[in-house]
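To find a chain, count down the sequence lines: A is the first, B the second, and so on, and within it residues start at 1.
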2 protein chains.
Amino acid sequence: MTSKQEFIEKLRNSSLRPTKQRINICEVLFNRDKTFHFTISDLFNLIKDKTGEKISLATVYNTVHAFHKKGYLKEIPINSNQTYFDTNVTDHHHFFDVKEEKLIDLKNEDIGPIEIQKSIPGKKIKSVEVLVKLED
Amino acid sequence: MTSKQEFIEKLRNSSLRPTKQRINICEVLFNRDKTFHFTISDLFNLIKDKTGEKISLATVYNTVHAFHKKGYLKEIPINSNQTYFDTNVTDHHHFFDVKEEKLIDLKNEDIGPIEIQKSIPGKKIKSVEVLVKLED
DNA sequence: TTCCTTGTTTATAATTATTCTAAAGAAGAT
DNA sequence: ATCTTCTTTAGAATAATTATAAACAAGGAA
Ligand SMILES: [Mn+2]
Ligand SMILES: [Mn+2]
Ligand SMILES: [Zn+2]
Ligand SMILES: [Zn+2]
């Protein structure tokens, strides 16, 4: 449970002005026990439901990208018509339930270390992500 | 090197009528040594260059999805504004050069077997894909 | 062949996710 | 209170993809 004050400080420390909208979005995104996987439209709808206040879609996009740029959100590569984001910004892997269109975190020990035996001259590894698709 | 006749048979066997357009697309896609990673617009442009004949964009979409449905093409999960396809339909992993926006196949032995230690009741694993992002 | 049915191509319109624009509003500094 | 800069917003613009429906081509039967 993070207090509104803490979000305000975190925003200020990130040189993001603590607006009403951003604080609401923080509360929806980060006041949770578990990691949260979402699309912009998930979030847009959830804000209306949880806070009662409507935030414009443009602001939701702006804020998600601001948070993403600051490293508070992660983008998850899935083939879908919508971009998925994740409040768990650590390096980790996923199940993707194709039918439910739901992402599930895997702990690193659920997969174990991945040793990449190949390299490309002049390039270095930025991230390693495993996506395990699930069906019924 | 696959002959036009073989493509015609393969199309017939898949209950896809061997039209001029489909045969051309087969030649562009499948007459190669190495696996080919592409977006629809890559393919659209390449067809014009390689065959001289222009195929409508709608037909390129239709054909790629027909081939995808038949299992002759694979969709690669990357976060990009465009969908990537792959002529290598076996289970395999990728480097993605973020700057060049290019996919590179990894052999399975470049990564080694991935043991997934977690399971979700009622669900089974459909695919396991590793995406390694590369930067300079 | 010719005719018929069904599948295919195509231009174009529609849809959808995302980004852009520019004006109004709010935050923070002085 | 005033000024500057950042933010929000509605709405327009963009871009990938999908849908529509008319013209066309393939394959089978007569
Ligand atoms: Mn996650
Ligand atoms: Mn590949
Ligand atoms: Zn982003
Ligand atoms: Zn497809």
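Whole-Å rounding puts the A:Ile8 CD1 to C:dA26 C1' distance at 14 Å. Atom P of nucleotide C:dT8 and atom CG of B:Leu57 are separated by 18 Å, given to the nearest angstrom. Atom CG of A:Asn81 and atom P of D:dT18 are 8 Å apart (whole Å). The distance between atom CG of B:Leu11 and atom P of C:dG7, rounded to the nearest whole Å, is 16 Å. Whole-Å rounding puts the B:Leu16 CG to D:dA25 P distance at 19 Å. For the pair B:Phe67 CZ and C:dT8 P, the computed distance is 11 Å after rounding to whole Å. Protein atom CG of A:Asn79 is 15 Å distant from nucleotide atom C1' of C:dA17, rounded to whole Å. Atoms CZ (A:Phe44) and P (C:dT18) sit 13 Å apart, rounded to a whole Å.
Distances from the side chain of B:Ile55 to the nucleotides D:dT7, C:dT10, D:dT9 place C:dT10 closest. You'll find that the side chain of B:Arg17 is closest to D:dA25, out of D:dA25, C:dA11, D:dT9. In the set D:dT17, D:dA10, C:dT10, D:dT17 carries the atom at the smallest distance from any side-chain atom of B:Tyr61. Side-chain proximity of A:Gln82 to C:dT6, C:dA17, D:dT9: nearest is C:dA17. Closest approach to the A:Ala58 side chain among C:dC20, C:dG28, C:dA11 is made by C:dC20 (side chain taken as heavy atoms from C-beta onward). With C:dT9, C:dT18, D:dT8 as the candidates, the nucleotide lying closest to the side chain of B:Arg22 is C:dT9.
In this pair, A:His92 and A:His37 present their aromatic rings tilted. The plane angle is within the 30 to 60° band. Ring geometry, B:Phe67 versus B:Phe30: the interplanar angle falls from 30° to 60°, so the pair is classed tilted.
For the side-chain hydrogen bond (donor to acceptor under 3.5 Å, both in side chains) with A:Asn88, the lone residue among A:Thr90, A:Asp86, A:Asp91 that qualifies is A:Thr90.
At the heavy-atom level, A:Thr83 lies under 4.0 Å from the strands shown only through sugar-phosphate atoms.
Contact annotation: B:Gln21 reaches the phosphate of C:dT10 (side-chain N/O to OP1 or OP2, under 4.0 Å). Between B:Arg12 and D:dA26 there is no side-chain polar atom (N or O) within less than 4.0 angstrom of OP1 or OP2. At the phosphate of C:dT10, OP1 or OP2 sits under 4.0 Å from a side-chain N or O atom of B:Thr59. In terms of phosphate contacts, A:Lys54 brings no side-chain nitrogen or oxygen within less than 4.0 Å of OP1 or OP2 of D:dT8.
Ion pairing between A:Lys124 and B:Asp136 fails under the 4.0 Å rule for side-chain N and carboxylate O.
Toward the 5′ end of DNA chain D lies the nearest nucleotide of B:His65, the other residue of the pair B:Thr19 and B:His65 mapping further downstream. Mapping A:Asn62 and A:Ile40 onto DNA chain C via the closest heavy atom, the residue that lands nearer the 5' end is A:Ile40.
Hydrophobic clustering (ILVMFWY, side-chain heavy atoms < 4.5 Å, transitive): A:Val64 and A:Tyr72 are in one cluster.
In A:Lys4, the NZ atom is not crowded: 12 or fewer heavy atoms of neighbouring residues, nucleotides or ligands sit closer than 6.0 Å.
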